[in-house]
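Written below as structure tokens is the structure these notes are about.
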Amino acid sequence: MDTVTARIEDFLQHLQLERGLSDNTVQAYRTDLAAMQQSCRVKDVTGYTPSVIATYFTGLSKLGRKPATLARKISSIKHFFEYLKQTGVIRDNPAHVYAAPRIARYHPDYLSPEEIESIIKAVDPKSVSAARDRAVIELLYGCGLRLSELIDLRPRDIELEAGFVRVTGKGSKQRLVPLGRFAGDAVVACLDSRPREADSDSTPLILNRFGKKFSRVGLWQVVKK
């Protein structure tokens with residue numbers, strides 16, 4: 001086992017055991033780091049220079065990778081090298097200068113950005129359900145979730161630190177969706193507003209006024225309002 005493979009395994013164990021990240025999130029890190037390792041073919045972590053990392057990211061861009069994919073890969077690689085720096089394995093993080101590409105908020109063809117903004121602003125900030133309603137709109141809009149996916153979304157599916165939402169779609173297939181700043185802030189506010197008895201990772205994130213799971217019709221009424 002070369003030192004790069006060993007260091008990656010150490011990092012993944014750190015994510016799972018010490019930081020308690022989910023299996024799916026750890027697997028996403030594994031996939032991204034393995035792809036970097038295979039492409040760069042560097043046998044020792046000290047061989048990853050800013051030049052090597054720059055060449056790798058440039059190659060990804062030329063392959064036409066989507067901004068969301070690039071954002072995840074950059075985040076994974078930066079976290080890996082920052083861990084190595086903090087543990088004294090390397091002196092500097094060779095990927096520290098890179099920032100994730102901006103992920104544009106999704107604009108449906110049938111609504112203009114101005115119309116979307118007006119919907120978001122229509123949430124009454126004085127309402128007892130303001131934080132929840134804002135999270136509903138931001139997650140549907142900013143993350144492109146379906147109503148059914150949002151209904152079943154639970155706090156344990158949200159990786160705030162990593163900036164992703166684990167969504168279970170049709171056929172029980174899971175995918176990772178980038179969580180933008182606006183949606184992330186709305187999720188935090190929603191979690192803070194939930195009643196104490198609902199403070200459980202297994203309870204749906206979005207609850208009706210009775211503290212129960214929404215129906216499709218009920219959640220659509222929130223959006224319609």
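Between the side chain of S75 and the backbone N or O of A71 there is no donor-acceptor pair closer than 3.5 Å. Checking side-chain atoms of D92 against main-chain N and O of P94 turns up no donor-acceptor pair under 3.5 Å. Looking at R134, its side chain never comes within 3.5 Å of a backbone N or O of P125 through a donor-acceptor pair.
For residues 25-54, every residue pair satisfying the ring-ring contact (aromatic ring centres under 6.0 Å, His included) rule, not counting sequence neighbours, is listed here: F11-Y29, Y48-F81. For residues 204-215, the pairs satisfying salt bridge (Lys or Arg N to Asp or Glu O under 4.0 Å) are D152-K213, with sequence neighbours left out. Sequence neighbours left out, the pairs with a member in residues 13-40 that pass salt bridge (Lys or Arg N to Asp or Glu O under 4.0 Å) are E9-R30, R19-E161, D32-R72, D32-K73.
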Identify each donor-acceptor pair in which a side-chain atom of residues 55-62 lies under 3.5 Å from a protein atom, sequence neighbours left out, and give them as a table.
unit_1: T55; atom_1: OG1; unit_2: S51; atom_2: O; d: 3.0
unit_1: Y56; atom_1: OH; unit_2: M36; atom_2: N; d: 3.4
unit_1: T58; atom_1: OG1; unit_2: A54; atom_2: O; d: 2.8
unit_1: S61; atom_1: OG; unit_2: F57; atom_2: O; d: 3.2

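In this structure, V42 and V4 approach most closely via the heavy-atom pair O-CG2, 3.1 Å. Shown here for V52 and G47, the closest heavy-atom pair between the two residues is CG2-O, 3.8 Å. The nearest pair of heavy atoms linking A95 to K78 is O-CG, 3.5 Å. In terms of heavy atoms, V177 sits closest to C143 at CG1-O, 3.4 Å. Smallest separation of non-hydrogen atoms from R194 and P155: NH2-CG, 4.1 Å.
With contacts defined as side-chain heavy-atom distances shorter than 4.5 Å, the pair L207/R132 does not qualify. Side-chain contact between T31 and Q27 is present, with at least one heavy-atom pair separated by less than 4.5 Å. Counting only heavy atoms from C-beta outward, the side chains of L179 and L160 approach each other to under 4.5 Å.
Interatomic distance, CG of L176 versus CZ of R166, reported as 7.5 Å (0.5 Å rounding).
Evaluation of the side-chain contact (heavy atoms from CB on, under 4.5 Å) rule for S215 yields V217 as partners, not counting sequence neighbours. Under the side-chain hydrogen bond (donor to acceptor under 3.5 Å, both in side chains) criterion, S127 pairs with S129, sequence neighbours left out. Scanning for side-chain hydrogen bond (donor to acceptor under 3.5 Å, both in side chains) contacts around E82 gives N93, with sequence neighbours left out. Legend: residues meeting salt bridge (Lys or Arg N to Asp or Glu O under 4.0 Å) with E149, ordered by chain and number and at least two apart, are R146, R175. Listed by chain and residue number, A131 satisfy the side-chain contact (heavy atoms from CB on, under 4.5 Å) test with A189 (two or more places apart in sequence, or in another chain). The side-chain hydrogen bond (donor to acceptor under 3.5 Å, both in side chains) search around T46 returns D44, not counting sequence neighbours. Qualifying side-chain contact (heavy atoms from CB on, under 4.5 Å) partners for V89, counting only residues two or more places apart in sequence or in other chains: R7, V45, L84, T87. Partners of D185 according to the side-chain contact (heavy atoms from CB on, under 4.5 Å) rule, which considers only residues two or more places apart in sequence or in another chain, are R181.
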